2 protein chains.
Amino acid sequence: MTLADHAAPAPRPGRRADAERNRAAIIKAAGEVFAECGGGVDVREIARRSGVGMGTLYRHFPTKDALLVTVLERQFDAWLTDAYQWAVATEDPWRALTGFFEQLLDTQAGNRAVVESFATTGGPSDACVQRCYAIIDELRTRCVDAGVLRSGVTTEDLFLLSGSVSQAVLTTADSHPGKWRRLLRISLDGLSSRNTEPLPEPGVGTDARV
Amino acid sequence: MTLADHAAPAPRPGRRADAERNRAAIIKAAGEVFAECGGGVDVREIARRSGVGMGTLYRHFPTKDALLVTVLERQFDAWLTDAYQWAVATEDPWRALTGFFEQLLDTQAGNRAVVESFATTGGPSDACVQRCYAIIDELRTRCVDAGVLRSGVTTEDLFLLSGSVSQAVLTTADSHPGKWRRLLRISLDGLSSRNTEPLPEPGVGTDARV
DNA sequence: GATCAATCGGAGCGACTGCTCCGCCTGAAG
DNA sequence: CTTCAGGCGGAGCAGTCGCTCCGATTGATC
């Protein structure tokens, strides 16, 4: 997997060589196992797959959840970076935005734990979510300036949209791989400025706000 | 596993009065508890809430999953019927379709277990899903005949769309209730016949980004 | 009221899982 | 090589959860 190259961990000084090796093995194995089985897997499976004992695993990560967050953060951050770099290199603002989402969802397609994290905690981690928000906001602003985005669409709308489609990505992964692209396209087309009706305000008002 | 294994029969004749009362109490309590906490709750909590012992609960339902399916089926079926009756009474095909989805999602909003069921097993039960499919297909056909629906949109697309937005309904329920309506509107507007670009076919490669 | 089969309740069993404890091992410093 | 602190492994602890077992109870029938 190419995403491993992206962010090198911070090798703490004064740690023994075998400890460093084991830590890397744990992160790698956990990444695979969580992606396959979701965050609910038995920790023993991760220990087994990384060729390490339970004691070793729990010295490096105080808790199963800490390991999960570490792994999720790394993976998602790498994808985010890839998709973002592609998007900034794309001139057409609309294609940059839509392509960003498609690329991001594409990489998530096979990762149970990442998709789960959107449903349960709203994202892999607060830091990831904030970074994602910042990127989406940049791409959104470009679209707004170009006048191709429906008025009233917020960054939060876009983030939520991505999270909800990611659910469909996972549920159709086995039976109909790729079918989620239709959903994404439909939703994204609803974001086009050709849709002029105002979006409903979550408050109480029934009125139009543009 | 066929539906018959899960579906609990209607009030059987020769059952004692207290047994019938307990059965009803179990279903009622289970409906509330599953809705609040999701399908992962401890069965003991359901027994407690319904004022019944574990033995009683397990005489009426062979398995926790059977109870869950029974409850989910009842609830979802009721909502489906309501939303459908509203839709058939609505003349405008587009409003019938969009209103149907909004109404259905609205009732699901507070029910963890039902939303979960879409993410895990694709729906409350096979029978429910089929019935839902049939209804959606009818509403879809009306829209197609009226020429208001984007060409190429399948019943499956609509079902998947509903399931994915339902996820957003749950994740935003606590923090931003009602925000999902914006998402739904966006997605539904992408279904309008004013969007003329063909939808990507699954099975073919990923040239959709252009 | 007497009878008894259907029903009830909840302690407890077995399986699973996150995490810890502790005796053994080993990399690296002198 | 010797030394030993830091690292290692995995058996086991404690808590949870689905489900069962069986003695006590109770509704229906006569």
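Lettering of chains follows the sequences in order, A, B, ..., and the numbering in each one begins at 1. Please read all numbers here as calculations on a predicted model, not as lab measurements.
In this model, a donor atom of one side chain and an acceptor atom of the other lie less than 3.5 Å apart for A:E73 and A:S125. A donor and an acceptor atom, one from each side chain of B:T81 and B:R131, are located under 3.5 Å apart. With 3.5 Å as the limit, one finds a donor-acceptor pair spanning the side chains of B:D157 and B:T154.
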Pairs: protein N or O with nucleotides 20-25 of chain D N or O, under 3.5 Å:
none

| request: Assess whether salt bridge (Lys or Arg N to Asp or Glu O under 4.0 Å) is satisfied between A:E156 and B:R182, documenting all intermediate values. | output: CA-CA 10 Å; A:E156 195 179 12; B:R182 295 168 62 85; over 6 Å; no
| task | Apply salt bridge (Lys or Arg N to Asp or Glu O under 4.0 Å) to A:R150 and B:D189, showing your working. | result | CA-CA 11 Å; A:R150 177 176 194 164; B:D189 283 346; 2.6 Å; yes
| query | Going through the checks in order, is the ring-ring contact (aromatic ring centres under 6.0 Å, His included) test met by B:F118 and B:F76? | reply | CA-CA 11 Å; B:F118 280 98; B:F76 189 73; 5.7 Å; yes
| request: For salt bridge (Lys or Arg N to Asp or Glu O under 4.0 Å), just list the numbers for A:R185 and A:E102, CA-CA rounded to whole Å, side-chain angles, deciding distance to a tenth of an Å, and then say yes or no. | output: CA-CA 9 Å; A:R185 173 65 73 90; A:E102 181 160 4; over 6 Å; no
| request: Run the numbers on A:T171 and A:W180 for side chain to side chain contact (heavy atoms under 4.5 Å, CB included), then give the verdict. | output: CA-CA 9 Å; A:T171 56; A:W180 59 271; over 6 Å; no
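The salt bridge (charged side-chain N to carboxylate O under 4.0 Å, His left out) pairs that include a residue from residues 38-55 of chain A are A:E32-A:R49, A:E36-A:R49, A:D42-A:R44, A:E45-A:R48, A:E45-A:R49, where partners are two or more places apart or lie in different chains. The salt bridge (charged side-chain N to carboxylate O under 4.0 Å, His left out) analysis of residues 53-67 of chain A, with sequence neighbours excluded, yields no pairs.
Over its length, the helix from C:dG1-D:dC30 to C:dG30-D:dC1 turns its helix axis by 0°, as judged from the five terminal pairs at each end, rounded to 10°.
Atom CD1 in B:I26 sits about 14 Å away from atom P in D:dC19, given to the nearest Å. C:dA28 atom P lies 11 Å from atom CD of A:E20, rounded to whole Å. B:D42 places its CG atom 11 Å from the C1' atom of D:dC19, with the value rounded to the nearest Å. Rounded to whole angstrom, the span from the CG atom of B:L67 across to the C1' atom of D:dC17 amounts to 15 Å. The distance between atom CG of A:L68 and atom P of C:dT17, rounded to the nearest whole Å, is 16 Å. Remark: P of D:dC19 and NZ of B:K64 are 8 Å apart, rounded to the nearest angstrom. Spacing between atom CG of A:L57 and atom C1' of C:dT20 amounts to 13 Å, rounded to whole angstrom units.
Distances shorter than 4.0 Å separate none of the side-chain N or O atoms of A:N22 from OP1 or OP2 on D:dG7. The shortest distance between the side-chain N/O atoms of A:T63 and the OP1/OP2 oxygens of C:dC19 is below 4.0 Å. OP1 or OP2 of D:dG9 lies within a sub-4.0 Å distance of a side-chain N or O belonging to A:T56. Using a 4.0 Å cut-off, no side-chain N or O of A:H60 falls inside it from OP1 or OP2 of D:dG7.
Annotation: cation-pi geometry satisfied between B:R23 and B:F61 (NZ/CZ under 6.0 angstrom from ring centroid, within 45° of ring axis).
Sorted by residue number, the members of residues 43-51 of chain A with any non-hydrogen atom under 4.0 Å from DNA chain C read A:V43, A:R44. In the region residues 115-125 of chain A, proximity to DNA chain D at under 4.0 angstrom, judged on heavy atoms, holds for none of the residues.
Taking a cutoff of 4.0 Å between a charged side-chain nitrogen and a carboxylate oxygen, A:D137 and A:R140 qualify as a salt bridge.
Considering every non-hydrogen atom in both B:A87 and B:L139, the closest pair reads CB-CD2, 3.9 Å. For A:L170 against A:A109, the heavy-atom pair with the smallest separation is CD1-O, 4.0 Å.
Where B:A17 and B:G40 meet DNA chain D, the nucleotide closest to each residue was compared, and B:G40 sits on the side nearer the 5' end. Two residues, A:V41 and A:D18, neighbour DNA chain C, and the one matched to the more 5' nucleotide by heavy-atom proximity is A:V41.
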